[in-house]
There are 2 protein chains.
Amino acid sequence: MSAVPDDDLPQDLESRVIDDHHQAIKLWLRMLACTTRIESVVRNRLRSEFATTLPRFDLLAQLEREPEGLTMGELSQRLMVTGGNVTGVTDQLEAEGLVKRTPRANDRRAFTVQLTPAGKRQFRRMAAVHEQWVIELFAGWNADEKTQVYAMLAGLKKHLGGVDMAPPRRSKPKKETA
Amino acid sequence: MSAVPDDDLPQDLESRVIDDHHQAIKLWLRMLACTTRIESVVRNRLRSEFATTLPRFDLLAQLEREPEGLTMGELSQRLMVTGGNVTGVTDQLEAEGLVKRTPRANDRRAFTVQLTPAGKRQFRRMAAVHEQWVIELFAGWNADEKTQVYAMLAGLKKHLGGVDMAPPRRSKPKKETA
DNA sequence: TATTGTTATACTCTATAACTATA
DNA sequence: TATAGTTATAGAGTATAACAATA
């Protein structure tokens with residue numbers, strides 16, 4: 001049926017490739033298949049092993065590296081989600097005793113959010129296991145391959161930083177905000 | 001603040017790296033940052049340019065490469081989502097006139113789902129633009145780099161096929177299902 | 001008036017499970 | 001009894017917008 005039998009797993013998103021030889025698309029679909037799979041394994045394991053989610057884990061990770069704490073706004077920026085979401089996740093973590101909000105002396109609108117001692121312990125426990133998972137998931141690559149891809153991704157990431165959400169003009173450029 | 005200034009974008013998920021030198025974790029976070037960014041650009045543009053979503057686009061793509069059509073169950077497998085979701089997406093696309101369900105002669109429980117002529121036209125229009133986006137997003141890599149990563153990802157993907165959702169036993173192996 | 005954070009709401013995406021109609 | 005598909009429901013994850021308190 002398909003003119004391109006490809007080489008491995010047939011029944012996943014990568015098979016979205018039509019019958020073409022378009023390098024970028026094929027690369028993208030394969031890369032997406034890998035990250036989707038890894039992310040899904042991590043999410044599942046975080047849920048079954050620690051009854052938590054990736055956004056919660058990420059929030060704790062941000063706090064772990066800032067012992068001084070962060071404001072809600074700073075968390076929102078770093079996690080790249082809107083403020084309402086940070087409020088919700090923080091509420092949950094605070095109810096579980098893993099983080100605490102402390103009013104700021106100089107600006108009574110803002111809080112400092114920090115890990116509690118229990119939060120620190122819990123996060124470190126999770127982070128250690130999480131790292132083993134990632135090591136396991138990337139065992140398909142040896143150290144050299146990992147280093148190589150890591151270096152290449154730096155270039156891609158830098159490029160992506162300059163790409164706009166809005167598509168580039170395909171028809172008349174129309175004076176470009178004149 | 002952070003002992004590892006890293007090299008580029010400071011305020012995103014990659015900054016989830018703590019101050020360690022753990023190769024696999026650093027690689028994973030950088031890879032995730034890239035794919036998240038690309039996926040988010042694609043989702044946004046699909047919405048703003050074509051008022052559609054990635055799952056809808058993916059379903060159309062599956063049908064486009066199978067002119068004979070697919071059953072709901074086959075779509076479910078290929079898109080790696082449960083049946084109820086396929087029903088929902090198919091309902092929407094059918095309402096928009098892009099796909100059609102045809103009862104099967106031999107098994108009256110099942111349908112053949114196919115693109116309508118309008119669906120074919122619409123998908124091809126979207127696919128062409130989508131490919132340009134992906135080319136633009138991967139312009140940070142030259143042809144050699146793309147080829148190299150594509151090849152390496154094959155190995156990673158193959159490895160991931162053998163990784164279980166459940167974490168490997170970390171304590172007593174306990175007879176391993178005897 | 002602008003900013004910090006919260007609340008309310010809604011939509012996408014996905015899963016599970018009960019259900020219908022065939023087989 | 002098993003299978004194909006649907007329906008109903010729930011929950012994660014995210015966004016927008018109106019709002020309160022403070023700056």
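What you see below is based on every heavy atom in this structure, not just the backbone, and it leaves out hydrogens, waters and symmetry mates. Just so we're clear, the structure is a prediction, and the values are computed from it rather than from any experiment.
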Could you give the [atom1]-to-[atom2] distance, from [X] to [N], as a whole number of Å?
X	N	atom1	atom2	value
A:L75	C:dG5	CG	C1'	12 Å
A:Q77	D:dT14	CD	P	17 Å
A:M72	C:dT6	CE	C1'	8 Å
B:E74	D:dG5	CD	C1'	13 Å
A:N44	D:dA12	CG	C1'	13 Å
B:R101	D:dG5	CZ	P	9 Å
A:L59	D:dT14	CG	P	12 Å

Among A:T147, A:I135, A:V134, the one residue meeting side-chain contact (heavy atoms from CB on, under 4.5 Å) with B:Q23
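Filter result, single survivor: A:T147.
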
I'd like to know if A:E49 pairs up with A:R125 as an ion pair, taking the criterion as any Lys NZ or Arg NE/NH1/NH2 lying under 4.0 Å from an Asp or Glu carboxylate oxygen.
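Salt bridge absent between A:E49 and A:R125.
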
I'd like to know if A:R78 and A:E66 make a salt bridge, using a cut-off of under 4.0 Å between side-chain N and carboxylate O.
yes

Can you check whether [Y]'s main-chain N or O pairs, donor with acceptor, with [X]'s side chain at less than 3.5 Å?
X	Y	answer
B:H130	A:I25	no
B:W133	A:P167	no
B:E94	B:R101	yes

Ring-face cation contact, A:F111 with A:R104, 6.0 Å cut, 45° max
no

Indicate, with a heavy-atom threshold strictly under 4.0 Å, whether [X] touches base, sugar-phosphate, or nothing.
X	result
B:S76	nothing
B:G88	nothing
A:G73	sugar-phosphate

Looking only at the side chains, is there a donor atom on one of A:N85 and A:T82 sitting less than 3.5 Å from an acceptor on the other?
yes

Tell me whether the OP1 or OP2 atom of D:dA15 has a side-chain N or O from A:T82 closer than 4.0 Å.
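A:T82 to D:dA15 OP1/OP2: side-chain N or O found under 4.0 Å.
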
Measure from the ring center of B:F50 to the ring center of B:F57 and say whether it is less than 6.0 Å.
no

Between protein and nucleotides 9-13 of chain C, what N or O pairs are separated by less than 3.5 Å?
residue, atom, partner, partner atom, Å
C:dC13, OP1, B:R43, NH1, 3.1
C:dC13, OP2, B:T53, OG1, 3.0

Please give me every residue in residues 102-111 of chain A whose heavy atoms get under 4.0 Å of an atom in DNA chain C, ordered by residue number.
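Nucleic-acid contacts, sorted: A:R109, A:A110, A:F111.
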
